[in-house]
Amino acid sequence: MSQKKRIYLSPPHMSGEEERYVAEAFRTNWIAPLGPLVDTFEEKLAAYAGTAGAAAVSSGTAAIHLALKLLGAGKGDTVFCSSFTFVASANPILYEQAEPVFIDSERDTWNMSPQALERALDEAERARHLPKAVIVVNLYGQSAKMDEIIEICDRFAVPVIEDAAESLGSVYKGRKSGTFGRFGIYSFNGNKIITTSGGGMLVSDDEDALKRARFLATQAREPAIHYQHQKTGYNYRLSNVLAGIGIAQLEVLDDRVNARRAIFKRYQEALSEMDGVDFMPEFGMSNRWLTTLTFDEKKIKTSPAEIIEQLAGENIEARPLWKPLHRQPLFNGAAFYPHDESGSVADDLFHRGLCLPSGSSLTREEQDRVIQVLADRIKYK
Ligand SMILES: *Cc1c(COP(=O)(O)O)cnc(C)c1O
């Protein structure tokens, strides 16, 4: 029996124009980290997001790291971070030897709970040890309640870094996701809504800060012909070749958002009649990077793990939701602020949820294969 064609969770989706820009890099011999395509990519992305500027870097993780450096986080400092996220949101806290403090999710958005954040900041203020920054993640494309979170952080004068790695193209309260904090970051990793194979962007309205970010990202080279250095720098800039891919991808970003939203809608129409199946809620407009859902195990008489296994048997890639960072051995001993006394929302979501194949190139037939497995599994057990 021949193996059915593999369906991936979120594969790259090229427009066809990428090679034209990459060829331009070759034609002009700008095969370098920096160059005119990097400048163009920065300008276009800043215009799309609606920020004063943008700095293109080698990954989303590098962008978070630079933001933390600019805010001066270091040894002896704390940095608050969403717990329900990918490890890359918090790794840069460790790079700077600062101490992460994890904040739970709320049910409305699955993202940082404003009430848990407020409680954590209240305590920190009383201990006279406010965090250097709060890293707020917009998971699976859904914005956190950024208006409430910014209002709370402003009250304590703590800057916000918005990890919008997964939410490029989403809108919240009339503004593009990633533009609410002092800094926003995007990722162009291969699995994100648009990709440069690997890459990231730091956005801000503070152009001086972006200038310093570019400086730190190019080995902190002082303006002197003989290579003068006073600070530790990084090699974090985006390659001019990859920026070419990014420019072409940005041109189709809105199409990609529409495609992912249509995929979500189709899953929802096919499955939401089933008792015990719930989809991630939406506040504002989510790019629906991944279609995610939770199950009531008592009603569906199976588990997310079993469903993932069943899908794997059909050569379909599905994944559990992110394992909360306060549960990761890497962060043993880190403080965690749950949403309320009834326990951790992030843990509950993690145990009950999964992500379905959601790539913008997913065909109707492929989506039917996914839906069929779920329908069989949930109906007949
Ligand atoms: C992908 C991702 C990152 C990291 O981006 P890279 O470009 O892979 O370094 C950070 N945060 C979240 C939430 C992500 O999903």
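Here, residue 1 is the first one in the sequence, and each next residue gets the next number. Side-chain atoms are counted along with the backbone in the values below, which use heavy atoms only and exclude waters and symmetry mates. Being a predicted model, the structure only gives us computed values, none of them experimental. Counting convention: from 1, in listed order, for ligands and their atoms alike.
Under a 4.0 Å criterion applied to the non-hydrogen atoms of Ala165, ligand 1 contributes the atoms 2 (C), 3 (C), 10 (C), 11 (N), 12 (C), 14 (C). Close approach of ligand 1 to Gly199 is summarised as follows: ligand atoms under 4.0 Å from at least one heavy atom of the residue are 7 (O). Short contacts between ligand 1 and Thr85, defined as distances under 4.0 Å to a heavy atom of the residue, involve ligand atoms 13 (C).
Counting heavy atoms only, Asp163 comes closest to atom 11 (N) of ligand 1 of the residues Thr195, Ile64, Asp163, Thr61. The residue among Met201, Lys192, His65, Glu166 with a heavy atom at the shortest distance from atom 2 (C) of ligand 1 is Lys192. Residue nearest to atom 6 (P) of ligand 1, selected from Ala88, Ser82, Gly60: Gly60 (by heavy-atom distance).
Here's the thing with Trp289: none of its N/O atoms is less than 3.5 angstrom from an N/O atom of ligand 1.
Between Phe188 and Phe41, the ring centre distance stays below 6.0 Å. The ring of Phe86 has its center closer than 6.0 angstrom to the ring center of Trp322. The ring of Phe336 has its center closer than 6.0 angstrom to the ring center of His326.
Of all the heavy atoms of Ser59, the ones lying under 4.0 Å from any atom of ligand 1 are found in both the backbone and the side chain.
Using a 4.0 Å heavy-atom cutoff, Ala63 is absent from the residues neighbouring ligand 1. For the ligand labelled ligand 1, residue Ser89 lies inside the 4.0 Å heavy-atom shell.
Here Glu42 pairs with Arg237 in a salt bridge; the nearest charged N to carboxylate O distance falls below 4.0 Å. Look at Glu96 and Lys132 and you find no salt bridge, because none of the NZ, NE, NH1 or NH2 atoms lies under 4.0 Å from a carboxylate O.
Nearest non-hydrogen protein atom to atom 5 (O) of ligand 1 is Ser187 OG, 3.2 Å.
Judged by the 6.0 Å distance and 45° axis criteria, Arg6 is positioned over the aromatic ring of Tyr8.
A heavy-atom distance below 4.5 Å is found between the side chains of Thr294 and Trp110.
In terms of the side chain to side chain donor-acceptor pair (under 3.5 Å) criterion, residue partners of Tyr236 (sequence neighbours excluded) are, by chain and number, His65.
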